[in-house]
Amino acid sequence: MNFPLYIYYELLIRLSEIESEIGHYVSSTANEEVCILRTTNGKVNVPVNFLKRQSEDPNMINKDELVTLSKGFKPGDE
């Protein structure tokens with residue numbers, strides 16, 4: 001599924017409030033289940049349903065879910 005770039009940017013802004021080392025959007029790769037967001041400082045795997053909720057109604061994503069997602073951030077160029 002293709003998402004507008006602003007969805008990635010908005011989600012990364014929200015995640016950077018929790019994990020300041022996330023960095024800025026560079027690129028993305030997706031399949032039906034997960035989207036890999038590459039940033040200036042690493043990458044984070046985001047379930048596609050998470051992006052759908054960010055797109056439809058960001059308020060559907062609570063702080064705990066954002067914290068859990070931010071813990072999956074992998075720094076570096078792995």
| In Å and rounded to the nearest 0.5 Å, what is the CD to OG distance from Glu21 to Ser70? | 12.0 Å
| message | Would the distance check show the side chain of Ser20 and the main-chain N or O of Ser16 forming a donor-acceptor pair, the cut-off being under 3.5 Å? | response | no
| task | Starting at CZ of Phe3, measure out to CG of Leu11 and round the result to the nearest 0.5 Å. | result | 10.5 Å
| field | Note, Asn45 side chain near Lys74 side chain (heavy atom, < 4.5 Å) | value | no
| query | Counting N and O atoms only, with roles assigned by atom type, does the side chain of Asn41 sit under 3.5 Å from a partner on the main chain of Pro75, one being a donor and the other an acceptor? | reply | no
| field | Heavy-atom donor-acceptor pair, Arg14 side chain to Ile61 backbone, under 3.5 Å | value | yes
| said: If hydrophobic clusters are built by linking Ile, Leu, Val, Met, Phe, Trp and Tyr wherever their side-chain heavy atoms come under 4.5 Å apart, do Val26 and Val34 end up in the same one? | reply: no
| message | Just verifying a value: how many Å separate Cys35 SG and Lys52 NZ, rounded to the nearest 0.5 Å? | response | 12.5 Å
| remark: To the nearest 0.5 Å, atom CD of Gln54 lies from atom CG of Leu12 at 9.5 Å
| CA sep, side-chain torsions, deciding dist, call: Phe73, Ile18, side chain to side chain contact (heavy atoms under 4.5 Å, CB included) | CA-CA 11 Å; Phe73 174 69; Ile18 297 163; over 6 Å; no
| task | Check for a donor-acceptor pair, side chain of Glu65 on one end and backbone N or O of Asn62 on the other, with a separation under 3.5 Å. | result | yes
| request: Would you check, one step at a time, whether the test side chain to side chain contact (heavy atoms under 4.5 Å, CB included) holds for Leu15 with Leu69? | output: CA-CA 8 Å; Leu15 291 174; Leu69 186 61; 4.0 Å; yes
| query | Do Leu5 and Ile13 belong together in a cluster built from hydrophobic side chains that touch within less than 4.5 Å? | reply | no
| Taking the inter-plane angle between the rings of Tyr8 and Tyr25 on a 0 to 90° scale, is it parallel (under 30°), tilted (30 to 60°) or perpendicular (over 60°)? | parallel
| said: Do Ile36 and Ile7 land in one hydrophobic cluster if side-chain heavy atoms of ILVMFWY residues count as linked below 4.5 Å? | reply: no
| query | How long is the gap from CD on Glu10 to CG on Leu51, to the nearest 0.5 Å? | reply | 11.0 Å
| request: Supply the atom-to-atom distance Glu56 CD to Asn49 CG, rounded to the nearest 0.5 angstrom. | output: 10.0 Å
| message | Quick check: closest heavy atoms across Ser28 and Leu37, and the distance to 0.1 Å? | response | CB-CD2, 3.7 Å
